[in-house]
Amino acid sequence: GNANPVTCEIGSGKGRFLISSAAANSEINYLGIERAAKYHRLIRQRVERLGLTNVRLLNTDAAHFVQTYVPPLSVHSYYILFPDPWPKKRHRKRRLVTEAFLDHLLPTLAPGGSIHYKTDYLDYFEQMLSVSRARTDLLELQCRTITPDQADPEAADTNFERKYLIQGRQIYAADYQKISA
C-alpha cells in the first residue's frame, strides 16, 4: 500500500535479520520468504508481537516465487544469508544460488539494487562468487571473510552467523549491485 523500496530476505530462518532490519527501517518494506513452516510461524508471531507493519511473510519456495510472481524491477535489495549449502556432491544441484536462479532474480531487481550473500560454507561461497562474477549486469561491491576475532556474535545478522562465530568458524560475505548490461 505504499511506494517504499522493497527488501527481500530469502530464507528468513528465525527472523533475526528481517525483524531487526524492519524495526530499524520503517521506511522500507520487507518481504521474508521462508520454506520451513515451523520458522515461518515463529517469524509471523514475532512480527505480530512487535507490531511491524512494514513486513510481509511468505511460506513458499523462493526460487519458484521469484520466477513466477515477483514483478520486474520491483525489489531494491535481496539478502541471501546462510542458504542451505547442500554439501554432498550429489545434492549440489539443489543449491539456490545458480546461474539459472540469477537469470530469474536479476530482472526483478531495480536498477542500482543489490544482492547480499553470507555463508560459512566456502565451497558454496565460491559458487556464489563464480555465478555472480560471470554476470555483466552485476558489479561486485565487496567480498570479505569475517573471522571470529573480528566480529561480535551478539551483533550477528542471523542466528546461524551468531552460532558459527561462537564456534570459531569464518563467515564469507559478498555484496553486488545491479548495473546496466
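Scanning for side-chain hydrogen bond (donor to acceptor under 3.5 Å, both in side chains) contacts around D157 gives K118, with sequence neighbours left out. By the side-chain contact (heavy atoms from CB on, under 4.5 Å) test, T98 pairs with A100, F101, Q127, sequence neighbours left out. With sequence neighbours excluded, no residue forms a salt bridge (charged side-chain N to carboxylate O under 4.0 Å, His left out) with R41. When the side-chain contact (heavy atoms from CB on, under 4.5 Å) test is applied to D149, the partners found at least two apart in sequence or on another chain are T147. Evaluation of the salt bridge (charged side-chain N to carboxylate O under 4.0 Å, His left out) rule for E154 yields R162 as partners, not counting sequence neighbours. Among residues two or more places apart in sequence or in another chain, the side-chain hydrogen bond (donor to acceptor under 3.5 Å, both in side chains) test is passed with Y172 by Q170. Residues meeting the side-chain contact (heavy atoms from CB on, under 4.5 Å) test with L58, sequence neighbours left out: L31, I33, T60, F65. Residues satisfying the ring pair (Phe, Tyr, Trp, His ring centres under 6.0 Å) criterion with H40, sequence neighbours excluded, are absent altogether. Partners of R133 by side-chain contact (heavy atoms from CB on, under 4.5 Å), not counting sequence neighbours, listed by chain and number: L129, E140, C143, Y176. Every side-chain hydrogen bond (donor to acceptor under 3.5 Å, both in side chains) that R169 has, sequence neighbours left out, goes to D120, Q167.
Nearest heavy atom pair, residue G32 against residue S12, reads CA-OG, 3.3 Å. Contact detail for R90 and K93: the closest heavy-atom pair is O-NZ, 3.2 Å. Among all heavy-atom pairs drawn from P107 and L102, the shortest one is CD-O, 4.2 Å. Residue P153 comes nearest to I166 through the heavy atom pair CB-CG1, 3.7 Å, listed as atom of the first residue, atom of the second, then distance. When all heavy atoms of I28 and P5 are compared, the pair lying nearest together is CG2-O, 3.5 Å.
Under a 3.5 Å cut-off, the side chain of R16 and the backbone N or O of N159 do not form any donor-acceptor pair. Between the side chain of S130 and the main chain of E126, no donor-acceptor pair closer than 3.5 Å is present. With hydrogens and angles disregarded, no donor-acceptor distance shorter than 3.5 Å links the side chain of Q142 to the backbone of D175. Between the side chain of T158 and the backbone N or O of E161, at least one donor-acceptor pair lies under 3.5 Å. Using a distance-only test at 3.5 Å, with no hydrogens or angles considered, a donor-acceptor pair links the side chain of K178 to the main chain of L106.
A donor atom on one side chain and an acceptor atom on the other are not found under 3.5 Å apart for N4 and N54. The closest side-chain donor-acceptor pair between Y79 and S21, if any, does not fall under 3.5 angstrom. A donor atom on one side chain and an acceptor atom on the other are found under 3.5 Å apart for Y78 and T108.
Using a 4.5 Å cut-off on side-chain heavy atoms (C-beta onward), L18 and I43 make contact. Proximity of I171 to T145: side-chain heavy atoms (C-beta onward) are nowhere separated by under 4.5 Å. At a threshold of 4.5 Å between non-hydrogen side-chain atoms, the residues L57 and E34 do not count as touching. Inter-residue side-chain proximity for L96 and D84 is flagged as unmet; no heavy-atom pair is nearer than 4.5 Å. Under the 4.5 Å side-chain criterion, counting only non-hydrogen atoms from C-beta, F160 is not in contact with L81. Contact of the V97 side chain with the Y124 side chain is registered, since non-hydrogen atoms from C-beta on lie closer than 4.5 Å.
Both L50 and Y30 are assigned to one and the same hydrophobic cluster, defined by single-linkage of ILVMFWY side chains at heavy-atom distances under 4.5 Å. A continuous path of ILVMFWY side-chain contacts below 4.5 Å connects V131 to L109, so both sit in one hydrophobic cluster. Both L122 and Y117 belong to a common hydrophobic cluster when Ile, Leu, Val, Met, Phe, Trp and Tyr are linked at side-chain heavy-atom distances under 4.5 angstrom. Both I115 and V66 sit in one connected hydrophobic cluster of ILVMFWY residues. Membership requires side-chain heavy atoms under 4.5 Å apart, directly or through other members.
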- Take K14 and R46 through the test side-chain contact (heavy atoms from CB on, under 4.5 Å) and record every step on the way to the result. CA-CA 9 Å; K14 295 179 181 178; R46 289 177 176 173; 3.8 Å; yes
- Query: Where do V55 and E9 land on the side-chain contact (heavy atoms from CB on, under 4.5 Å) test, with the steps shown first?
  - Reply: CA-CA 11 Å; V55 176; E9 183 185 19; over 6 Å; no
- Evaluate side-chain contact (heavy atoms from CB on, under 4.5 Å) for I179 paired with L138, printing each intermediate quantity in order. CA-CA 6 Å; I179 58 173; L138 282 178; 5.9 Å; no
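Each side-chain hydrogen bond (donor to acceptor under 3.5 Å, both in side chains) pair with one or both residues in residues 68-77, not counting sequence neighbours, appears once here: T7-S77, H64-T68.
The pair R92-D123 counts as a salt bridge, with a side-chain nitrogen and a carboxylate oxygen less than 4.0 angstrom apart.
Residue R35 qualifies as open at atom CZ: its count of foreign heavy atoms under 6.0 Å is 12 or below.
Distance NE2/H116 to CG/L141: 8.0 Å, rounded to 0.5 Å. The line from OG of S132 to CG of L139 is 11.5 Å long, rounded to the nearest 0.5 Å.
For an aromatic pair to be called close, the ring centres must be under 6.0 Å apart, and Y121 with F125 fails this.
The hydrophobic cluster containing Y39 also includes L42, under a criterion of side-chain heavy atoms closer than 4.5 Å among ILVMFWY residues, counted directly or through chains of members.
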